[in-house]
Amino acid sequence: ANRAGQGRCRSILLRPVPSRFLRRPEPLVSRKWWAELPSWIALYAERGPQRKCYEGHTLVQDRHDGRRFEGCVRCECAPPTGAKVFACRECRWSVCKDCRDGAGKVQQQPRLPTLPQDPLFQRPHVPCLLQPLALPSNGPPVRPCRGSIIVVPGGNYEFLCSTEGMPVAAWLREQGFDAFVLRYRLLPRYGFADAAEDLATAVRLLRRSTRGPVLAIGFSAGGHLVASHGILARRENRRLLDGQVLIYPAIDPREWRHPDKHGFWDEACHDKVDQLRDGEEELIGGRGFAAPPTFIVGSTGDSVCPPRAHSDKFVSALQKRRIPHRYLRGNFGEHGFALQDCWTEPCAKWLARRFGRGTPMASPPPPPLLPSSSSSSLGFY
């Protein structure tokens, strides 16, 4: 069992792995490079019990004087002169007392785990499904179980973004779904085929061991992986997902070859970038396109995956083939906004309409039995 930002979680292995990868955690990136990590992975302001700014400086209690510190980064309000704030004395970053205590206008998400404790940043050689366990105070969901949803975080196929993982699974559980976060294999150690195999294995596993429909929700590159699942399933004559949710998805993979737009942190990822173009023409509506009923979100304020280059093309293919879908398009902010009311409320209604009936939620299923290997340990760990 691992500690996650939304409580405890347990891991269900997807493939045989050498036991040395299970004995002790191994970070995705060596600790000596942590100071160089992208800000959307480091997430200093959102991780662990100690409050910090996004540069990693510790926040201290101070008083706002209108000069030294900017307005609250959470609610964007300017506290009155003399008001208590928690501030960074190095970069003018501040949080008002109400937002610091969780009583502000902006709903606060539970804290994310630190990098050494984050299951999405550890054990990169161990693909698995991470299943959040309900906190004792919350208990199991009272709604019927509508099915299972696999949460596929983004991260440019190089990282897994924590804000698109456990918090999303917790929200889906509130909607009556059994939710699992997919930790899939990443570049540059692995290729696109490995990530696609991890998702396909997870889908097969849930179809065998759970009741009801099986869906997936993907963010950014995770959206590309979920959308690609339909293309690959059609090629191999496999069953499609029962539904999918794509949030600011990276649909057209051609930009991964562009020297100014690929966004890779590790230059070694370039060696496997051609694999990301598998199914390129099908994804943008060419022959072989396939998709289940889809809820898709594109933000006109997104400079990384603008709708005109990504989600618009996918929606056009859905319309052409008369595949049921709901397209939410508007200025919802820059790329990576993760769990926000602008899309969660419409998405909850869409899920309720399509998957409203379910079976009573039971205890988490027993560990699925996969083919054993003398060099691996399978099931929960």
Does Cys91 offer a backbone N or O that forms a donor-acceptor pair with the side chain of Glu55 under 3.5 Å?
-> no
Decide, yes or no, whether a salt bridge links [X] with [Y] under the criterion of side-chain N to carboxylate O below 4.0 Å.
X	Y	result
Arg234	Glu282	no
Arg183	Asp198	no
Asp194	Lys272	no
Asp274	Arg277	no
Arg329	Asp312	yes
Arg308	Asp252	no

Does Glu236 have any salt bridge (charged side-chain N to carboxylate O under 4.0 Å, His left out) partners at least two apart in sequence or in another chain, and if so, which?
-> Arg238
Could you list the residues that satisfy salt bridge (charged side-chain N to carboxylate O under 4.0 Å, His left out) with Glu46, not counting sequence neighbours?
-> none
Other than Val85, what residues sit in its cluster of Ile, Leu, Val, Met, Phe, Trp and Tyr side chains whose heavy atoms are under 4.5 Å apart, directly or through others?
-> Phe69
Could you tell me which residues satisfy side chain to side chain donor-acceptor pair (under 3.5 Å) with [X], sequence neighbours excluded, listed by chain and number?
X	result
Thr81	none
Ser311	Tyr327
Ser299	none

